Every structure is written in C-alpha cells, then in structure tokens.
Amino acid sequence: MRTFRRILVANRGEIAVRIIRACRDLGLEAVAVFSDADRDALHVRLADRAYRVGPAPAAESYLRIDTLVATAREAGCDAVHPGYGFLAENADFAEAVTAAGLVFIGPSAESIRLMGDKTAARRAMAAAGVPTVPGTEAPVADDAEAEAAARRIGFPLMIKAAAGGGGKGMRLVERPEAFASALRAARSEATSAFGDGRVYLERFIERPRHVEIQVMGDGRGGAVHLFERECSIQRRHQKVIEESPSPALTPAQREAMGEVAVRAVASLKYAGAGTLEFLLDQEGRFYFLEMNTRLQVEHPVTEWVTGVDLVRAQIEVAAGGGLPWRQADLAQRGWSIECRVYAEDPAQGFMPSPGRITALRAPAGPGVRDDSGVYEGFTVPIHYDPLISKVSTWGPTRDIAIDRMRRALREYVIGGITTNIPFHLAVLDEPEFRAGRVDTGYIARVFGDRPAPRPGPDADLAAALAAAAAALDGARNGQASCASAAASGGRPSPWRLALRQARPSA
C-alpha cells in the first residue's frame with residue numbers, strides 16, 4: 001500500500017471543499033487550484049496550498065490537463081483527485097496523471113474511455129449480463145441507417161449522444177415525421193457539447209424511474225455495491241432532488257440490481273467509486289442506462305444511509321489498500337434526501353443568478369448536512385455551473401427526512417442572489433412526491449404550466465440583512481446617510497421595516 005502525503009484537488013466549489021475535508025481527516029495535505037474568478041473561493045481558503053491555473057474560463061484553467069499535471073508535480077503531490085465534472089471522466093487526464101508518476105484517484109483510463117462511449121458501454125454491460133434498453137448497438141452511421149433503425153425500434157424513441165451525458169444531445173421523438181429534425185438537432189448539440197456528433201437510438205420507456213446503484217471496485221475484480229439512490233426528480237434531464245433508499249424498490253429488486261451492478265464492475269476490474277444508472281419501468285423491470293466513472297454529486301445520501309465516507313474510501317483504494325468492507329458489512333439505515341441549491345431564478349426560467357452573497361445563514365440541527373462552497377461576501381461567478389451547495393437530511397423514516405429537509409430549506413438564508421430553494425419547497429409539498437409516486441417526467445408534468453414559486457419570507461429577511469450590512473459598511477466609511485438613501489431610494493429601510501414587523505403591536 002502506498003502512503004500519500006499530499007493530494008492535488010483538481011476541481012472547485014463544494015466538491016473541492018468536500019475532498020479537502022476528507023484529506024484532513026486522513027492527515028493528508030490538500031493542494032487547491034483556482035482560476036482568476038476563484039482567487040477568494042472557499043476551497044482556496046481551506047487548502048494547505050493553492051495555485052493559480054489560469055483565467056476565469058474553464059477551458060483556460062480547470063480543463064487544462066498540462067497545467068494541472070505540472071502544478072501537481074510542482075507542489076510535490078503524490079496523487080490527484082478529480083472530483084466530478086471538468087476532467088473527472090476524461091481518460092486523457094487520467095493517462096497524463098499516471099504518466100507523470102502520480103496516482104489518479106479514480107478508475108483506469110481504459111475504464112473511463114470504455115464507459116464514456118455510451119454504445120461501447122451498452123455492449124460491455126450486455127456481455128456482463130446486465131439488461132439494456134432495446135436500441136442500436138453502435139452509433140448510427142448516417143441518416144438512412146438512423147431512419148431504418150427508428151422504424152425497427154418504433155416510436156416513441158430516444159436519440160442520445162454516444163459520447164455524452166447530462167441530457168446534452170438527447171431528444172425524445174414521439175412521431176416519425178419529427179425524427180429527421182430531431183436527429184439533426186441532437187447531432188448538433190452533441191458536437192457542440194462533446195466535440196463528437198455521433199448518436200444512437202433507444203426505445204423510449206414510458207414514465208420510468210431513474211434508479212442508480214453506487215459501486216466501489218478494488219481494481220482487481222473485487223467489488224461491492226452501496227445500495228441505490230432514487231434520482232427521478234429531474235428538470236430537463238438534470239437531477240434536482242435525490243434520495244436513498246428508493247421508495248419504489250422491493251427488497252428483491254434491490255438485491256437483483258445490486259448483484260447485477262457488482263457483476264458488471266467486477267468484469268471491468270474497475271477501481272474506485274462509480275455509479276451504474278438504470279431506468280425502472282412501471283412493471284418493475286430495470287435497464288442499464290449508463291455508468292458514471294466518478295463520484296456523484298448526490299453521494300451524501302449514500303453516506304448518510306450507509307455510514308460510509310465515500311471520498312475517504314476512494315483515497316484508500318487508490319493507495320492500494322483494497323476495499324475497506326465486504327458486502328455483508330454494508331447495510332441501509334434510515335432515509336436521506338438531498339436538494340441541490342443553485343444560484344438561479346425559478347421565476348425567470350431558472351436563469352443563472354450570479355452575484356455577491358450579501359447574507360448567509362446555513363441550515364443546521366439534527367439530521368442536516370450542508371455541503372457548500374461559498375461564504376458571506378463571496379461572489380458567485382458567471383463562468384461555471386451555478387451549484388452553490390447541497391443540502392441533505394437524514395431521518396429514521398422517509399417522512400422524517402422530508403420534514404427535516406423542509407425545515408432546513410426554510411432556515412437557509414442566502415442574500416444578494418436568487419436561488420431555487422422556493423422551487424424545492426414546492427416539490428416537497430406536492431402530495432405525489434410525498435407519497436413517493438414519481439418518475440423522470442414528474443416536474444414537467446406537475447409544474448409545467450404552473451407559475452414558478454417566488455421567494456418567501458426568508459428571502460425578505462435576507463434582503464433586510466443585506467441592507468443592514470450595506471448601511472453598516474457605509475457608516476464605517478462616513479457615508480451612512482448617502483448609502484441609506486441610495487439603498488432605499490428614499491423609502492424606509494427594509495431593515496427598519498423588518499424590525500417593525502417583528503415587534504408586537506401595542
């Protein structure tokens with residue numbers, strides 16, 4: 001087993017903070033990287049060392065393989081953790097890290113490359129006995145082949161990017177006459193997003209649930225699963241709320257999915273954390289969708305219900321220590337829910353809402369966890385994904401986990417920017433969600449024609465706190481009266497109004 005001393009965290013935001021904390025728990029030094037937009041970011045402040053890797057655009061900083069590898073060597077690192085996003089599933093990056101004599105905390109480049117090609121992944125899973133959605137076994141070569149395959153599969157069907165994920169290059173086609181235009185659009189979007197316009201076709205599963213299995217392999221054919229996560233609450237193919245366990249699975253289905261996932265991972269001699277994603281149809285049949293060869297955004301819900309530190313386990317496996325547990329050691333206890341908090345405005349079509357965080361009160365208390373990459377005074381940049389934190393809760397039952405999430409989100413105050421917290425609360429209050437009767441089309445079906453929820457009283461309090469902070473700053477600079485007038489536009493201060501409303505009437 002190797003002994004790591006220092007790890008480069010090749011990422012930013014909340015996941016970089018999460019990895020740095022795992023390093024601290026293990027007594028390791030953590031080295032952060034930052035772009036010009038992230039010079040004052042939380043992950044930079046928490047790390048033992050930090051290195052600039054370029055200008056704000058990700059293509060010139062966080063996606064520069066040569067710069068990141070050179071930085072790791074300059075900093076005297078033993079290993080590199082890619083987090084998720086950016087280069088986490090880039091086989092060339094894994095190869096470059098290994099070629100530099102460093103350890104890549106993740107699977108081999110071969111595994112990343114195989115699972116990154118969705119049609120190759122389907123073939124590999126089918127060979128391992130994993131059920132797959134009926135469709136083309138390889139990317140369609142041209143329009144004629146695509147049209148012939150579409151007639152054979154039948155409508156409705158899905159067009160999917162062979163090299164991508166996250167909903168990019170994906171189109172649902174319900175009628176034959178819409179196929180040609182959807183094919184062109186999917187190819188164009190796939191080319192723009194991944195530099196690869198190849199697509200394949202799959203039968204469309206009506207109202208499926210999205211259920212994924214967390215796996216961990218030792219790189220030598222040993223593997224375990226850490227049960228499932230339900231990820232059906234999605235908006236435009238992007239996950240919004242996740243939970244574990246899934247309210248849909250029976251014990252028999254859970255066991256069957258776990259066994260299939262372990263068999264697949266063992267056949268690949270996979271190393272580290274990964275996730276096999278499945279579609280679950282209304283009859284209870286499950287089909288392989290794709291494999292993510294990295295840590296998932298939603299990993300906290302698995303950590304809650306299993307008591308396992310997945311990031312620590314990633315580091316230990318990468319050091320050659322083998323799997324820290326056997327399958328019999330792993331069990332689910334209680335229930336966990338996660339909500340992704342984005343700097344975006346639900347009332348404006350979920351447009352990003354970057355800007356300075358003028359007030360911040362994070363939720364806390366029993367069964368609440370806030371994985372955040374921001375602080376009061378930090379400016380959320382426009383250059384990256386607007387995810388600013390993940391709130392997860394645990395309870396002995398699903399109802400208690402949901403109630404704790406509702407309480408946590410109502411405690412959460414983020415001033416200066418708009419967030420999607422009101423939207424999360426609206427979903428949690430829906431009777432069908434509360435009953436666990438959801439599918440991947442749930443948000444579009446339930447909220448499609450409904451006005452987006454607007455911020456409630458907590459947002460008003462955040463605005464009041466921000467106004468108070470601005471007034472105090474002005475007073476320190478001898479400009480209190482001017483700042484107050486400018487902030488209020490001649491109207492009474494929001495802070496004063498908040499105080500008046502808080503006082504009991506005479």
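Since the model is a prediction, treat every value here as computed from it, not as a measurement.
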Exercise. Hey, does the side chain of Asp429 reach the backbone of Ala426 with a donor-acceptor pair shorter than 3.5 angstrom?
Worked result: no
Exercise. Could you state the interatomic distance from CG (Asp25) to CD1 (Ile315), rounded to the nearest 0.5 Å?
Worked result: 9.0 Å
Problem set entry | Polar contact flag, side-chain donor to acceptor under 3.5 angstrom, Tyr412-Thr419 | no
Problem set entry | 4.5 Å side-chain heavy-atom contact, Asn11 and Tyr84 | no
Problem set entry | Salt-bridge contact Arg6-Asp48 (side-chain N to carboxylate O under 4.0 Å) | no
Problem set entry | Min side-chain heavy-atom separation Leu226-Leu310 under 4.5 Å | yes
Exercise. Going by the angle between their ring planes, with limits at 30° and 60°, are Trp304 and Trp394 parallel, tilted or perpendicular?
Worked result: parallel
Exercise. Are Glu432 and Arg445 within salt-bridge range, i.e. N to O under 4.0 Å?
Worked result: no
Exercise. Any side-chain heavy-atom pair from Val427 and Val240 closer than 4.5 angstrom?
Worked result: no
For this session: Consider only side-chain N and O atoms of Arg312 and Gln314, and report whether a donor and an acceptor are under 3.5 Å apart.
Result: no
Exercise. Between Ser61 and Pro55, is there a donor-acceptor pair closer than 3.5 Å when you use the side chain of the first and the backbone of the second?
Worked result: yes
Problem set entry | Test item: Ser244 side-chain N/O and Glu228 main-chain N/O as donor-acceptor pair under 3.5 Å | yes
Exercise. Is it true that a side-chain atom of Ser392 and a backbone atom of Val301 form a donor plus acceptor pair closer than 3.5 Å?
Worked result: no
Exercise. Is the shortest distance from a Lys or Arg side-chain nitrogen in Glu411 or Arg407 to a carboxylate oxygen in the other one below 4.0 Å?
Worked result: yes
Problem set entry | Closest contact, heavy atoms only, Ala318 versus Phe104 | CB-O, 4.5 Å
For this session: With rounding to the nearest 0.5 Å, note down the distance linking CZ in Arg406 to OG1 in Thr393.
Result: 11.5 Å
Problem set entry | Greater than 12 external heavy atoms within 6.0 Å of Arg73's CZ | no
Exercise. What distance separates Ile337 CD1 from Met405 CE, expressed to the nearest 0.5 Å?
Worked result: 6.5 Å
For this session: Please report the shortest heavy-atom distance between Pro381 and Ala37, naming the atom on each side.
Result: CB-CB, 4.1 Å
Problem set entry | side chain to side chain contact (heavy atoms under 4.5 Å, CB included) evaluation trace for Asp371 with Val17 | CA-CA 8 Å; Asp371 285 49; Val17 171; over 6 Å; no
Problem set entry | Trace of the side chain to side chain contact (heavy atoms under 4.5 Å, CB included) decision for His210 with Leu289 | CA-CA 9 Å; His210 185 136; Leu289 181 62; 3.7 Å; yes
Problem set entry | Glu60 side chain vs Pro57 backbone, donor-acceptor pair below 3.5 Å | no
Problem set entry | Side-chain (Tyr384) to main-chain (Ala56) donor-acceptor, under 3.5 angstrom | yes
Exercise. Is the centre of the Phe93 ring less than 6.0 Å from the centre of the Phe86 ring?
Worked result: no
Exercise. Within the distance-only criterion (no hydrogens, no angle test), does the side chain of His424 pair as donor or acceptor with the backbone N or O of Arg340 below 3.5 angstrom?
Worked result: yes
Exercise. Under 4.5 Å between any side-chain heavy atoms of Val211 and Gln253, yes or no?
Worked result: no
Seminar exercise, completed: In terms of heavy-atom contacts, Ile241 and Leu428 come closest through CD1-CD2, 4.5 Å
Exercise. Ion pair present between Arg229 and Glu242, side-chain N to carboxylate O less than 4.0 angstrom?
Worked result: no
Problem set entry | Steps toward side chain to side chain contact (heavy atoms under 4.5 Å, CB included) verdict (Asp329, Val224) | CA-CA 10 Å; Asp329 299 327; Val224 296; over 6 Å; no
Exercise. Can you name the closest pair of heavy atoms from Pro346 and Thr418 and give their distance?
Worked result: CD-CG2, 4.4 Å
Problem set entry | Asp78 side-chain N/O to Thr3 backbone N/O, donor-acceptor pair under 3.5 Å | no
Exercise. Under 4.0 Å between a Lys/Arg side-chain N and an Asp/Glu carboxylate O for Asp403 and Arg434?
Worked result: yes
Problem set entry | Minimal non-hydrogen separation, Arg209 against Pro247, with atom names | NH2-CG, 3.5 Å
Problem set entry | Parallel, tilted or perpendicular, as decided by the 30° and 60° cut-offs, for the rings of His225 and Phe227 | perpendicular
For this session: Starting at CD of Gln332, measure out to OG of Ser246 and round the result to the nearest 0.5 Å.
Result: 9.5 Å
For this session: Starting at CG of Leu42, measure out to OG of Ser389 and round the result to the nearest 0.5 Å.
Result: 11.5 Å
Problem set entry | Donor-acceptor contact below 3.5 Å, side chain Thr293 vs main chain Ile112 | no
For this session: Indicate yes or no: at least one non-hydrogen side-chain atom of Asp439 is less than 4.5 angstrom from one of Gln282.
Result: no
For this session: For Leu249 and Leu280, run side chain to side chain contact (heavy atoms under 4.5 Å, CB included): C-alpha distance rounded to whole Å, both residues' side-chain angles, the deciding distance at 0.1 Å, then the answer.
Result: CA-CA 9 Å; Leu249 292 190; Leu280 183 72; 3.8 Å; yes
Exercise. Can you find a pair of side-chain heavy atoms, one from Glu303 and one from Asp309, that are under 4.5 Å apart?
Worked result: yes
For this session: Check whether any side-chain heavy atom of Asp40 sits under 4.5 Å from a side-chain heavy atom of Phe34, and report yes or no.
Result: no
Problem set entry | For Val438 against Ser232, the heavy-atom pair lying closest together | CG2-CB, 4.0 Å
Exercise. Just by distance, do the side chain of Asp218 and the backbone of Leu323 share a donor-acceptor pair under 3.5 Å?
Worked result: no
For this session: Look at atom CD of Gln327 and say whether more than 12 heavy atoms of other residues, nucleotides or ligands are closer to it than 6.0 Å.
Result: yes
Exercise. Is the shortest distance from a Lys or Arg side-chain nitrogen in Arg398 or Glu230 to a carboxylate oxygen in the other one below 4.0 Å?
Worked result: no
Exercise. From Gln238 CD over to Tyr342 OH, what is the distance, rounded to the nearest 0.5 angstrom?
Worked result: 6.0 Å
Exercise. Checking salt bridge (charged side-chain N to carboxylate O under 4.0 Å, His left out) against Asp38, which of Arg45, Arg12, Arg52 comes through?
Worked result: Arg12
Exercise. Charged N to carboxylate O below 4.0 Å: is that the case for Lys390 and Glu298?
Worked result: no
For this session: Determine whether Val33 and Val9 make a side-chain contact, defined as any pair of heavy atoms from C-beta on separated by less than 4.5 Å.
Result: no
Exercise. In this structure, which one of Val308, Leu276, Thr302 forms a side chain to side chain contact (heavy atoms under 4.5 Å, CB included) with Gln214?
Worked result: Thr302
Problem set entry | Arg369 with Glu338: basic N within carboxylate O range, under 4.0 Å | no
Problem set entry | Salt bridge Lys239-Glu277, side-chain N to carboxylate O under 4.0 Å | yes
Problem set entry | Presence of salt bridge, Asp370 and Arg361, under 4.0 angstrom | no
